Number of protein chains: 2
Amino acid sequence: MTKNTPEKIVSLSKIKMACQSCSLYQLCLPLGLHGEDLERLEDIIKRSHPLKKGATPFHQGDKFEAIYAIRSGSVKTYTIADDGSEQITGFHLPGELVGLDAISEDNHPCTAKALETTSYCEIPFHQLEDLSGELPSLRHQLLKIMSKEITHDANLLMLLGKKTADERLASLLLSLSSRLSNRGFSATEFNLSMSRNDIANYLGLAVETVSRLFTRFQDQGLVKVDGKFVQILKNDDLKAMISECVQSDPKMA
Amino acid sequence: MTKNTPEKIVSLSKIKMACQSCSLYQLCLPLGLHGEDLERLEDIIKRSHPLKKGATPFHQGDKFEAIYAIRSGSVKTYTIADDGSEQITGFHLPGELVGLDAISEDNHPCTAKALETTSYCEIPFHQLEDLSGELPSLRHQLLKIMSKEITHDANLLMLLGKKTADERLASLLLSLSSRLSNRGFSATEFNLSMSRNDIANYLGLAVETVSRLFTRFQDQGLVKVDGKFVQILKNDDLKAMISECVQSDPKMA
DNA sequence: CTCATTTATTGATTTAGATCAATACAATTA
DNA sequence: TAATTGTATTGATCTAAATCAATAAATGAG
């Protein structure tokens with residue numbers, strides 16, 4: 001792929017994105033668009049070379065030019081504070097959009113890094129914004145995706161603010177499981193593309209704690225873990241973990 | 001004001017919102033709109049009666065109809081998990097929009113509650129969405145505000161995931177201070193409209209811890225606290241607290 | 001005003017998870 | 001292949017913050 005630039009033997013018309021034929025259509029930006037409208041969106045979308053593991057499509061502070069839709073692979077986003085400490089703000093799977101947080105300041109508040117070989121579509125934002133003026137369903141879908149991100153973050157806040165280490169890991173595993181299954185992958189077994197360190201960082205825990213949790217979850221028969229390969233054995237028990245837990249404070253709000 | 005309903009003696013034309021004359025114009029949705037465009041936005045905005053303390057303009061699960069711009073007072077938003085536990089997702093000050101997280105599912109994922117007497121503008125969302133199709137700067141401002149919320153949440157994540165109790169409280173105080181000062185209030189002294197319990201919940205701490213922190217901050221001469229009234233004495237020291245702290249993990253990402 | 005109830009502060013004790021430390025296991029590279 | 005470096009697991013110890021417990025202020029209702 002990198003050696004003999006085979007793009008040259010592919011007809012130009014094929015290089016153009018075909019969202020219609022993309023398995024992620026219903027999860028991604030073009031949802032709700034058809035016919036000519038969809039073609040207009042496809043016209044502004046650029047497919048780029050796949051990212052190798054560790055590659056960074058954009059860095060914190062970079063001028064905001066485009067948002068990125070993941071086609072395959074996975075990406076983490078993280079911010080680095082003044083003191084150099086890092087906080088991972090998300091793990092992103094195929095069909096998800098990355099970079100929307102850059103609109104506000106017109107530069108990226110976080111860095112994105114491929115956790116494995118990752119292909120993606122690049123959508124120049126100003127063109128998208130203009131086009132969204134003309135296409136109500138594109139406009140709505142964009143707002144919807146952003147709104148979803150806000151909700152997702154709020155859930156994560158709940159996770160970090162209130163939950164125990166067990167519940168945090170259970171939440172992450174269940175989130176990955178359900179998102180992967182929405183994308184046509186197995187809900188019960190998958191490879192974690194991120195390191196234990198990344199998981200710990202994201203969940204606000206120490207690596208050692210994450211490691212111990214995996215061991216314990218396995219001892220409890222909840223999961224089977226072999227390095228990055230995870231099998232969910234008792235989905236319901238994991239779910240129960242994250243809802244039963246926090247004994248409610250009956251008088252509040 | 002509350003006794004003799006002076007609204008009745010104000011002409012109907014005045015009841016219509018006048019974003020131009022609103023001190024929050026440059027922080028709020030209409031930023032960038034002028035003349036006829038601004039009037040079109042004002043036409044869809046409804047000013048409602050002020051909320052009394054404890055009133056809830058919308059509840060978790062309510063169908064999504066409108067977003068709310070705070071004019072005066074303050075509001076907290078929170079979600080209630082299945083187990084009844086509550087997580088406060090934000091404190092909202094004048095000029096801020098509440099309810100944008102409802103777009104994604106078409107119903108509100110959180111409840112909003114007035115922390116004090118609070119006046120607000122109600123903006124029916126579908127009309128706003130339509131109008132944003134015609135007005136590029138409105139469209140952009142809406143995306144910008146949503147994007148800002150995503151960034152804000154990411155920062156909060158950093159706060160809850162990584163920081164110590166001291167840093168959390170310092171962050172909240174500085175955030176309130178700077179937001180209040182942007183809104184024309186004093187940056188150095190203000191009343192907290194939320195309870196210690198709310199603060200604890202929001203910061204993911206126990207009430208007792210928050211209480212002890214206020215005491216210690218005061219002992220250290222960082223602030224002067226009298227119940228809900230807070231004076232920031234050493235802004236710089238507080239700032240230093242939140243950046244020096246977390247000794248970076250040099251090898252990561 | 002008094003009484004009741006919520007909200008806040010302070011102290012004593014416990015604990016979940018961090019940190020420190022050592023080892024084991026992978027993955028790269030030469 | 002061994003050597004190097006990064007990543008993961010496991011154990012021992014420590015500590016920040018939770019929890020438990022009691023009191024003290026506020027707030028609000030009658």
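Computed from a predicted model, the values in this text were never measured in an experiment. Quick note on labels: first sequence line is chain A, next is B, and so on, each numbered from 1.
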Who are the side chain to side chain contact (heavy atoms under 4.5 Å, CB included) partners of B:N107, not counting sequence neighbours?
B:E105
Write down the distance between CZ (A:F214) and C1' (C:dC25), rounded to a whole number of angstrom.
17 Å
Any N/O pairs under 3.5 Å between the protein and nucleotides 12-18 of chain D? List them or say none.
unit_1, atom_1, unit_2, atom_2, d
D:dA17, OP1, B:A165, N, 2.7
D:dA18, OP1, B:A206, N, 3.1
D:dA18, OP2, B:A206, N, 3.2
D:dA18, OP2, B:T209, OG1, 2.2

So for the helix from C:dC1-D:dG30 to C:dA30-D:dT1, with five pairs setting each end axis, what is the inter-axis angle to 10°?
50°
Partner set under side chain to side chain contact (heavy atoms under 4.5 Å, CB included) for B:S74, not counting sequence neighbours:
B:L93, B:L115, B:E116, B:S193
More than 12 heavy atoms of other residues, nucleotides or ligands under 6.0 Å from NZ of B:K228: yes or no?
yes
Flag yes if more than 12 heavy atoms outside A:K53 fall under 6.0 Å of its NZ atom; otherwise flag no.
no
Distance in angstrom units between B:N191 CG and D:dA26 P, rounded:
14 Å
Nearest-Å distance, CG (A:L192) to P (D:dT9)?
10 Å
Can you pull out every salt bridge (charged side-chain N to carboxylate O under 4.0 Å, His left out) where at least one residue sits in residues 183-195 of chain A? Sequence neighbours excluded, please.
A:E96-A:R183
Applying ring pair (Phe, Tyr, Trp, His ring centres under 6.0 Å), can you list everything that pairs with A:Y68, at least two apart in sequence or on another chain?
A:F58, A:Y120
What is the distance, rounded to the nearest whole Å, between atom NZ of A:K53 and atom C1' of C:dT28?
11 Å
Qualifying residues under side chain to side chain donor-acceptor pair (under 3.5 Å), relative to A:T215, sequence neighbours excluded
none
Return the value, rounded to whole Å, for the distance between atom CD of A:Q218 and atom P of D:dT9.
10 Å
Any A:T215 side-chain N or O less than 4.0 Å from OP1/OP2 of D:dT10:
yes
Distance, rounded to the nearest Å, where A:R196 contributes CZ and C:dA24 contributes C1':
14 Å
May I ask you to say what A:K228 touches in the nucleic acid, namely base, sugar-phosphate or nothing, with a heavy-atom cut-off under 4.0 Å?
sugar-phosphate
Between CD of A:E116 and P of C:dA27 the distance, given in whole Å, is 15 Å
Output the rounded distance in Å from CE (B:M194) to C1' (C:dT7).
15 Å
With A:S72 via side chain to side chain donor-acceptor pair (under 3.5 Å) - residues at least two apart
A:S119
So the ring pair (Phe, Tyr, Trp, His ring centres under 6.0 Å) pairs with at least one residue in residues 194-214 of chain B (sequence neighbours excluded) are B:F91-B:Y202
